[in-house]
Amino acid sequence: MDYILGVIAVICIETIATVGLAVFTGFTGLFSLGHAAFMAIGAYTAAILTYFYNAPFILALIAGMIMSGLISIILGFPTLRAKLRGDYFAIATLGFGEAIRVILENMSITQGARGLPGIKHYTTLPVAIFFAVLVLWLTKNFIWSKYGRNAIAVREDAVAAEMAGIDLFKVRMLSLIYSAMCAGLAGGLFAHYLNFIQPVMFTSILSTRLTSAVVAGGMGSITGPVIAVALFIAVPELLRVANMWRLVAYGLILVLIMIYRPSGIMGYHELSFEAIKNLLRWISRGKTAGRKEM
Amino acid sequence: MLKVQNINVYYGRIHALKDLSIDIDQGKIVTIVGANGAGKSTLMWTLAGVLKAKSGTMTFMGKPYPPNAHEAAAKGIVLVPERRRLYANLTVKENLMMGAFLRKDHEGIKKDLYYVYSLFPILKERTNQYAGTLSGGEQQMTAIARGLMSRPKILLLDEPSLGLSPIYTAEVFKTIQEINAQGTTILLAEQNAKKALEIAHSAYVLETGRMVLSGTGKELLSDPRVQEAYLGVRHKTI
C-alpha cells in the first residue's frame with residue numbers, strides 16, 4: 001500500500017512540472033528539452049536551504065520557485081528576444097539543460113556528482129496532492145485569463161497575433177517563467193520526497209519525458225498531460241516485475257498515442273465532469289449523441 | 001503621414017531593400033507594384049515593424065516609428081499579411097474580434113462589426129463558421145475585415161488578390177476603394193498591376209529591392225516601361 005501511495009505522490013509531483021510545461025509548450029507552442037534543469041534548480045535550491053540552513057520547508061519551496069523563475073529569465077531573454085523558432089529554441093534549451101547539470105556537478109555546495117543525501121522527508125502524500133491541485137487550479141485560471149488567451153493566439157499564428165497587437169516576447173517570457181516556477185516547485189517537492197538528489201536525476205531523459213507527456217496528452221489541454229504523466233509513471237511501475245520491458249511499454253504508449261490520437265489523448269479538450277457525463281450519455285445512447293467533448 | 005527615407009533592409013547578408021524611400025499621404029491609396037522577389041512583402045513587413053531597417057529614417061504622423069510590431073499595431077499601422085493568416089480553428093466572428101484585441105470601447109467594436117458586415121455581407125452569413133472552412137475569397141475578406149476591426153489609420157494590404165478568382169478580385173478591389181472612401185489610408189502591394197494601378201492615387205514600381213519608378217496611378221499605367229514589364233503590352237521596337 002505504501003508503494004502505491006508512493007507512486008501516486010511521484011505522479012502528483014511530476015504533474016506539477018508537466019502542467020507548467022503544458023502552459024509553455026501546449027499553449028505558447030515552443031518546445032523545451034531542458035525543463036529538467038528548472039526542476040534541478042528548484043530541487044537544489046530548496047534542498048540546500050533545508051539541509052544546510054534548516055530553513056522552513058515552505059520558504060525553501062518558494063525560494064526554489066523564485067530561483068527557477070529568475071534563471072528562466074536568463075535563458076528566455078536572449079532566446080525569446082531573438083524570436084528563435086521551434087527546433088532552434090528546443091536546441092537552445094537542450095544545451096541549457098545540460099549546462100545546468102554540469103554546473104551542479106562541479107559546484108561545492110551541491111556536493112557535485114555525489115549528490116545531497118539525507119534531505120528531510122517533508123513531502124508527504126497530502127502535501128504532494130495539495131500542491132498538485134493548487135497548481136492545476138492556478139494554471140486553469142492562468143489559461144482562462146487574458147494572458148492565456150494571448151498565449152493561444154500566439155501558438156495558433158504568431159504573425160497574426162503580432163498584427164493584432166500582442167507582444168510576442170512578453171507572452172512567451174511570461175509562460176516560460178510560469179513553467180519554470182512550476183518545475184522549480186516540483187523539484188523542491190521531489191527532493192524532499194526522495195530525501196536524496198544528485199545531478200544525474202535531471203538529465204535530458206527527464207526533460208524529454210515532460211515534453212512528451214505534454215504532446216501525448218494534447219497540446220492545448222491541461223488535463224490531457226496529467227493523464228499522460230500518470231500513464232508514463234504508472235505503467236512502467238506496474239511492469240516492474242518484467243524489468244526489461246518497462247521502457248518498451250513507455251515507447252509503446254507513445255507510439256499508440258501517435259497512431260490513435262495524433263493530437264494527443266485529450267486534443268484541445270479538457271476532462272471535466274461535464275465531459276464525463278456527455279461520454280456516459282453517448283455510450284448509453286449508442287453513439288447517437290455528439291462526441292463533442294471528447 | 002508615413003514617410004520612409006533611404007531605408008536598407010537585410011535578411012542576413014542578403015540586401016533586400018536598397019535605399020528605398022516612399023511617402024504616403026493621408027487618405028490616399030498607394031500601390032507598390034513589382035514582380036516576385038522584388039521586395040514588396042519585405043517592405044510591408046518592415047512597415048508593420050516585424051523587420052527592422054538597418055539604416056534610414058522612418059516616421060509615422062511626424063513621430064518616430066514604433067519599434068515593434070505590436071506597438072505599430074497599437075499606433076494604427078495594421079498589416080493584412082500575405083496568405084491571410086487567419087485562425088483556422090476560430091469562427092469568422094472570433095477572428096474579427098481578434099482584430100479588435102487592443103480595443104476596450106465595446107460600443108465602438110460593435111459598430112465596427114456592423115460596418116465590416118455591411119462591407120462584406122457574405123461574412124455575416126458565415127459568422128459562426130470556422131475560418132478554415134471558408135473559400136479563398138471569403139478568407140481574404142475575413143482577413144481584411146479583421147484588419148479593419150482595429151480601426152487602423154493605415155491599412156497595409158499584402159497581395160489581397162493572391163489566389164482569388166477574377167470575380168472575387170474585382171470585389172476585393174471595389175471594397176478597398178470603399179474602405180479608403182471612409183478615410184482609411186491604404187498601402188497596397190500587388191502583382192495584379194493593372195487593377196492595382198487603376199485604383200491608386202499614387203504608385204511605385206519596385207525592382208530587386210530598388211524603387212525604379214514612381215508617379216500617379218494613371219501615369220504609371222500609361223508608362224511604356226510599366227506596360228511592357230507588368231501589363232503584358234507589347235510595344236513595337238522601331
Side-chain angles (χ1 to χ4, degrees), chain A residues 26-30 76-86 88 143-175 218-222 224 261-264 266-270 290-294, chain B residues 11-12 41 44-45 47-52 66-91 94-104 109 130-132 139 142-158:
Chain A
F27 285 88
T28 318
L30 285 169
F77 203 82
T79 52
L80 297 178
R81 180 110 280 186
K83 291 187 190 165
L84 288 189
R85 246 163 283 184
Y88 302 102
I143 293 306
W144 283 90
S145 74
K146 190 158 183 172
Y147 288 110
R149 303 274 140 209
N150 290 1
I152 295 170
V154 169
R155 176 193 66 199
E156 291 295 310
D157 195 320
V159 169
E162 214 173 7
M163 294 300 116
I166 295 174
D167 187 345
L168 289 188
F169 176 70
K170 200 170 115 196
V171 168
R172 288 177 169 159
M173 196 73 218
L174 261 174
S175 60
M219 304 250 296
S221 170
I222 305 171
R261 296 207 63 89
S263 56
M266 297 299 291
Y268 287 102
H269 305 294
E270 298 294 352
R291 245 187 115 183
K292 248 184 177 169
E293 287 303 312
M294 275 297 283
Chain B
Y11 291 110
S41 291
M44 289 307 216
W45 289 120
L47 293 178
V50 179
L51 294 173
K52 289 194 177 40
N68 280 312
H70 66 275
E71 284 161 296
K75 286 262 156 41
I77 306 166
V78 172
L79 172 67
V80 177
E82 198 177 353
R83 277 183 272 280
R84 298 141 205 153
R85 290 187 176 268
L86 294 178
Y87 290 107
N89 296 325
L90 296 185
T91 65
E94 286 166 338
N95 266 287
L96 296 181
M97 293 315 281
M98 270 309 292
F101 179 80
L102 289 174
R103 294 172 60 182
K104 301 230 156 44
I109 292 174
Y130 287 115
Q139 288 192 12
T142 313
I144 296 175
R146 181 177 65 182
L148 285 175
M149 286 301 291
S150 61
R151 275 219 185 146
K153 295 199 175 73
I154 178 164
L155 193 62
L156 313 174
L157 297 169
D158 197 356

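Chain letters run A, B, ... following the sequence lines, proteins first, then strands; residues in each count from 1.
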* Counting only heavy atoms closer than 4.5 Å, note whether B:Ala69 contacts chain A via side chain, backbone, both or neither. => both

* Interface moiety of B:Tyr87 toward chain A, non-hydrogen atoms closer than 4.5 Å -> side chain

* Can the positive tip of A:Lys83 be found less than 6.0 Å from the middle of the six-membered ring of A:Tyr88, inside 45° of the ring normal? -> no

* Asked: Is there a donor-acceptor contact under 3.5 Å from the side chain of A:Tyr147 to the main chain of A:Leu174?
  -> no

* Structure fact -> Highest number of heavy-atom pairs under 4.5 Å with chain A among B:Val78, B:Ile77, B:Asn68, B:Asn89 belongs to B:Asn89

* **Distance-only donor-acceptor check, side chains B:Asn95 and B:Thr142, under 3.5 Å** => no

Pairs under 3.5 angstrom only: tabulate donor-acceptor contacts from the side chains of residues 143-151 of chain B to other protein residues two or more places apart or in another chain.
unit_1: B:Arg146; atom_1: NH1; unit_2: B:Arg85; atom_2: O; d: 3.1
unit_1: B:Arg146; atom_1: NH2; unit_2: B:Arg84; atom_2: O; d: 3.2
unit_1: B:Arg146; atom_1: NH2; unit_2: B:Arg85; atom_2: O; d: 2.9
unit_1: B:Ser150; atom_1: OG; unit_2: B:Gly147; atom_2: O; d: 2.9
unit_1: B:Arg151; atom_1: NE; unit_2: B:Asp112; atom_2: OD1; d: 3.4
unit_1: B:Arg151; atom_1: NE; unit_2: B:Asp112; atom_2: OD2; d: 2.9
unit_1: B:Arg151; atom_1: NH2; unit_2: B:Asp112; atom_2: OD1; d: 3.3

